[in-house]
Protein chains: 2
Amino acid sequence: MYELPKDRTKAQPNVFNAKCPARCLLTFLAGKWHLLVIDALAKERWRNGELMRKIEGISQKMLTQTLRELENMNLVLRIDMGTVPPHVEYELTPLGQDLRMKICTLDRWIEDNMFELIRDNDSVPLDYV
Amino acid sequence: MYELPKDRTKAQPNVFNAKCPARCLLTFLAGKWHLLVIDALAKERWRNGELMRKIEGISQKMLTQTLRELENMNLVLRIDMGTVPPHVEYELTPLGQDLRMKICTLDRWIEDNMFELIRDNDSVPLDYV
DNA sequence: CCGTATCCTACCAGATACTG
DNA sequence: CAGTATCTGGTAGGATACGG
């Protein structure tokens, strides 16, 4: 359990500082699946299986792992109905919703500017369309 | 050289689609260094060495590689002064500036909410402060 | 100063099989 | 249905040395 520094005013969060937790968090969140999972949970709760289908290409293993990590960061809430067979839902916490808005902005921008970004660029696989 | 599809209205960019270029671009941009390099170039041009010092922990190899990739995406402009010894500057294109705003919003949010995110979390190295 | 060329390793994450 | 456990390879990226 992490104990916050006594004097937080001394702490200057800075993603450019290699040792700063903010940097670690950025690197972490900018992993392969975190952004997508948060985006997927934007509007409503989803069950494990629903998320699997929504986020094409993610494996059960990575989905679970990512959700656990987001849980640890107070971004996602895991709701276990306690039934048999199991029924589990995931939803964003208020903190997660706050972050989600930033991420969605980024995701939508990438979608909107997709063609600008791949112009003159053959390093992105384009088997889409 | 990529040729844009004749009928773009048929293309529905979607990061959840594993084959969509938008998905590839997101995964790409959300790599370990892309977000930081774009953030670093927010306000002014920087030289190679300056970026190295600004972005703690990045290697020359990864910096060059990342800058090249951003160049290919029309996000960064490389300005070679053609002098000896070499003097090269990098700056964001208008497209890059547009994306930069989204990224900075994300980065600042992470910094601002750092302590919320690491509460109850021992999986982030905290040798900072 | 601004790179490139190699080599090499850790670990990310996919595949598969199994459980309550 | 919602997970774990184990094995495995591919590759991102670090370290190092060299070059214009």
Task: Nearest non-hydrogen partners of A:Phe16 and A:Arg23, listed with the distance - done: O-NH1, 3.2 Å

- [ ] Can you tell me the distance, in whole Å, between the CD atom of B:Glu50 and the P atom of C:dC1?
- [x] 10 Å

Open item on the list: Tell me whether the side-chain N/O atoms of B:Arg78 come closer than 4.0 Å to OP1 or OP2 in C:dC2.
Closed with: no

Open item on the list: Between P on C:dC2 and CZ on B:Arg45, what's the gap in Å once rounded to a whole number?
Closed with: 14 Å

Task: Selected nucleotide, minimal atom distance to A:Asn48 side chain, candidates D:dG3, C:dG3, D:dG14 - done: D:dG3

Task: Atom-pair distance (CH2 on B:Trp46; P on C:dC1), nearest Å - done: 15 Å

Task: Electrostatic pair B:Asp107-A:Lys102, nearest N-O below 4.0 angstrom - done: no

Task: Nearest-nucleotide comparison on DNA chain C, the residue closer to the 5′ end among A:Pro86 and A:Trp33 - done: A:Trp33

- [ ] Compare side-chain N and O positions of B:Tyr90 against OP1 and OP2 of C:dC2 and report whether any pair is under 4.0 Å apart.
- [x] no

TODO: Establish, with yes or no, whether the OP1 or OP2 oxygen of C:dG3 is under 4.0 angstrom from a side-chain nitrogen or oxygen of B:Thr64.
DONE: no

Open item on the list: Given B:Tyr90, which partner from the list B:Leu67, B:Leu63, B:Leu77, B:Leu70 fulfils the side-chain contact (heavy atoms from CB on, under 4.5 Å) test?
Closed with: B:Leu67

Open item on the list: Using whole Å, what does the distance between atom P of nucleotide C:dC2 and atom CG of B:Leu51 come to?
Closed with: 9 Å

Open item on the list: From C-beta outward on B:Arg68, which listed nucleotide comes closest to its side chain: C:dT4, D:dA2, D:dT4?
Closed with: C:dT4

Task: For atom CD1 of A:Ile58 and atom P of C:dA13, their distance in whole Å - done: 10 Å

- [ ] Name the closest nucleotide to the A:Lys61 side chain, picking from D:dG20, D:dG3, C:dA13.
- [x] C:dA13

Task: Salt bridge flag under 4.0 Å for residues B:Arg53 and B:Glu50 - done: no

Task: Any donor-acceptor N or O pair under 3.5 Å, side chains A:Gln97, A:Arg100 - done: yes

Open item on the list: From CD1 of B:Ile79 over to P of C:dC1, roughly how many Å is that when rounded to an integer?
Closed with: 19 Å

Task: Candidates D:dG13, C:dG14, D:dT4 - which lies nearest the side chain of B:Lys32 - done: D:dG13

Open item on the list: With a cut-off of less than 4.0 Å, is there a side-chain N or O of A:Arg47 near OP1 or OP2 of D:dC1?
Closed with: no

- [ ] Please report, rounded to the nearest Å, how far the P atom of D:dG13 is from the CD atom of B:Gln65.
- [x] 7 Å

TODO: Starting at atom NE2 of B:His34, determine the distance to atom P of D:dG13, rounded to an integer number of angstrom.
DONE: 9 Å

Task: B:Val88 side chain, from C-beta outward: closest of C:dG3, C:dG14, D:dG3 - done: C:dG3

